[in-house]
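Down below is the structure, laid out as structure tokens.
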Amino acid sequence: MLDIKLIREDPERVRSNLARRDDPEILRMFDELIEYDKSWRKYFAETNELRSQRNRITEEIAKLKKQGLDVSEKLKEAANIPARIKEIESKMQEYREKMDFILMRLPNLMDDSVPFGKDENDNVVIRTWGEIRTFDFKVKDHIDLALDLDLVDIERAAKVSGARFYYLKGDLVKLNFALIKYGLDFMTERGFTPFLPPYMMKRKILEGAVSLADFQDTIYKVEGEDLFLIATSEHALLGLHSDEILDGNRLPLRYCGVSPCFRKEAGAHGRDTKGIFRVHQFEKVEQFVFCKPEESPREHELLIKNAEEFFQSLKLPYRVVNVCSGDLGTVAAKKYDLEVWLPGQGKYREMVSCSNCTSYQAVRSNIRFRDKPNEPTKYVHTLNSTLVATERAMVAILENYQQEDGSIIVPNVLIPYMNGQDSIRSVSK
RNA sequence: GCCGGGAUACCCUAGCCUGGUAGGGGGCUGGCUUGCUAAGCCCGUGUCCAGCAAUGGACUCGGGGGUUCAAAUCCCCCUCCCGGCGCCA
């Protein structure tokens, strides 16, 4: 959510930034917001004046009563003030609701470095790493590899839970836990505090983290409760400090969340329908930072660097793209995606999404900081990035580490986490 | 799920029965004074609106509604925390 104070101070700057979204509806809402705010402030001033009158009379009544004097004159004077306040208040409420409606729907201001573009095809590649392996045999995709090695059961998952679910089996379960534990160690070595968050959260807290459209398209609701399943630990880590004033001297706070992620994938019909690449449930180790505004560009680079070093350590070839305006979404001011080469698809595919959300989530979640107790508060900046979404990372490992005999080499850094196991091969039955 | 006790500013706490300026302590901040491991005193401490500013006004006692000229205080609903009982991996 944009800070209404910033909009009041410099509406032109906000407007011209929103204009880069190339969406006339956004500008229309913005202009409406300005008008509503004017009305709201007018009514606010009126009630303020009425309350002031009422408080004065009330005080006089108290004084007269103490002296045992007659107050009926004063009571008459005060009689119709409450009704007038109520009347104007209800108008204020009306404008406040209209403003909130728009504020909840306006996107974040974009960083100047965000490239203009329509969709993901316009994202700009900023670097590539690693060599794409050449195969002298016919490569399989992760589905064939996993089925041939009996590492997944997707048909029975469909019977039990429906499409986009899976059972992991055997060594793939071990590999999953190895990736999680390796990811956790990787982050704690870099000073990130690990968290295992609640997997469900209240609507109010979740609204602080995601756009309203996400409730429709990605978030699962628990029936009969004010609870939603987290789509990433990012949501829960942000909520951790909602309505708090943080000590500026302790920023940045660098956190790392590990949790399952639940997603409806409602807008993805027909895309990646096979295997475990795009699924309703997966595990993820997530990076999350609360920092001062001036620190967020630096922290953003740190997060993508961590993710890159993680995938470098797995020796998986990747590229980093600067996500364009049309693909950026509502919340982020700037976003990098890290895409790993998948031999089975012959494409780079998204493994990591690394966002600087500036103050957008902090305003919604009311998370501020100050260096000294008497200073005015400011909103923090928040950033989040995947370190590793393990099911997707396993797709990359299966396809990149496949051998001619159908077995899979375990990446070196994971072997200790697999109790010394260095390959995954079919068990003779 | 049931019974009881709670939630007051950055922290602790009084006030609630009996409605009438939210009081005290700690912390922090700025200022002043006195000067031996420092002490004392004073202003300030959250949010919003108007104003260039000084400042003025309003709001704020877990949240929402109600009664009243006036609500931390009375009434109704809800949330969370603590204790006990019940259930339980």
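Below, chain A is the first sequence line, B the second, and so on; all start at residue 1. Quick caveat, the model's predicted, so the values are computed rather than measured.
Between A:D226 and A:K204 there is no salt bridge, since no side-chain N of the basic residue sits under 4.0 Å from a carboxylate O of the acidic one. Salt-bridge annotation for A:D150 and A:K169: present, with a side-chain N of the basic residue lying under 4.0 Å from a carboxylate O of the acidic one. Between A:K91 and A:E94 there is no salt bridge, since no side-chain nitrogen of the basic residue lies less than 4.0 Å from a carboxylate oxygen of the acidic one.
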Between the protein and nucleotides 19-21 of chain B, list every N/O to N/O distance that falls short of 3.5 Å.
from, atom 1, to, atom 2, distance (Å)
B:G20, O6, A:K65, NZ, 3.1
B:G20, N2, A:T58, O, 3.3

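No hydrogens or angles considered: a donor-acceptor pair under 3.5 Å links the side chains of A:Q287 and A:N306.
Taking the side chain of A:W40 as heavy atoms from C-beta on, and the options B:G46, B:C48, B:G57, the nearest nucleotide is B:C48. For A:P82, counting side-chain heavy atoms from C-beta on, the closest listed nucleotide (B:C48, B:G66, B:A70) is B:A70. Side-chain proximity of A:S52 to the nucleotides B:A58, B:C69, B:C80 is greatest for B:A58.
Between A:R41 and the phosphate of B:G51, there is no side-chain N or O to OP1/OP2 separation shorter than 4.0 Å. Residue A:N48 has no polar side-chain atom (N or O) positioned under 4.0 Å from OP1 or OP2 of B:A50. A close approach under 4.0 Å does occur between a side-chain nitrogen or oxygen of A:K5 and OP1 or OP2 of B:C48. Between B:C59 and A:N55, a contact under 4.0 Å exists linking OP1 or OP2 to a side-chain N or O.
A:H280 and A:F165 have tilted rings, their planes meeting at an angle from 30° to 60° on a 0 to 90° scale. Taking the six-membered ring where tryptophan is involved, the planes of A:Y336 and A:H300 are essentially parallel, since the angle between them stays under 30° and well short of 60°.
B:A70 and B:A58: their P atoms are spaced 15 Å apart (whole Å). B:G83 and B:G65 have their P atoms separated by 32 Å, with the value rounded to a whole Å. Annotation: B:C11 and B:G20 have their P atoms spaced 26 Å apart (nearest Å).
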Watson-Crick and G-U pairing of RNA chain B, under 3.5 Å, as dot-bracket with | and [ ]: (((((((..((((......[..))))((.(((((...))))).))(((((....)))))..(((((..]....))))))))))))....
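As a whole-Å value, the separation of A:L50 CG from B:A58 C1' is 12 Å. In this entry the distance linking CD of A:E9 with P of B:C52 reads 13 Å, nearest Å. Between the CZ atom of A:R203 and the C1' atom of B:C78 there is a distance of 18 Å, given to the nearest Å. Distance, A:I245 CD1 to B:C28 P: 18 Å, rounded to whole Å. Atom CG of A:N80 is separated from atom C1' of B:C69 by 11 Å (rounded to the nearest Å). To the nearest angstrom, P of B:A9 lies 14 Å from CD of A:E244. Residue A:I85 contributes atom CD1, which lies 14 Å from atom P of B:U67 at whole-angstrom precision. Atom CG in A:N249 sits roughly 14 Å away from atom C1' in B:C10 (whole-Å rounding).
Heavy atoms of A:T377 sit under 4.0 angstrom from primed sugar atoms or phosphate atoms, though from no base atom. The residue A:K86 sits close only to the backbone: its heavy atoms come under 4.0 Å of sugar-phosphate atoms, none of a base. Looking at heavy-atom distances under 4.0 Å, A:R368 makes contact with sugar-phosphate atoms alone, never a base.
Under the 4.5 Å side-chain criterion, counting only non-hydrogen atoms from C-beta, A:L398 is in contact with A:L151. Put simply, the side chain of A:K284 does not reach to within 4.5 Å of the side chain of A:V388, judged on heavy atoms.
Sorted by first and then second residue, the pairs that involve residues 16-44 of chain A and meet ring-ring contact (aromatic ring centres under 6.0 Å, His included), not counting sequence neighbours, are A:Y36-A:Y95, A:W40-A:F44, A:Y43-A:Y95.
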A:F311/A:Y318 under ring-ring contact (aromatic ring centres under 6.0 Å, His included): CA gap, chis, key distance, verdict: CA-CA 8 Å; A:F311 280 87; A:Y318 67 83; 7.1 Å; no
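Nearest-nucleotide positions on RNA chain B for A:R56 and A:K202 put A:R56 closer to the 5' end.
A:E299 pairs in a salt bridge (charged side-chain N to carboxylate O under 4.0 Å, His left out) with only one of the listed residues (A:R254, A:K305, A:K292), which is A:R254.
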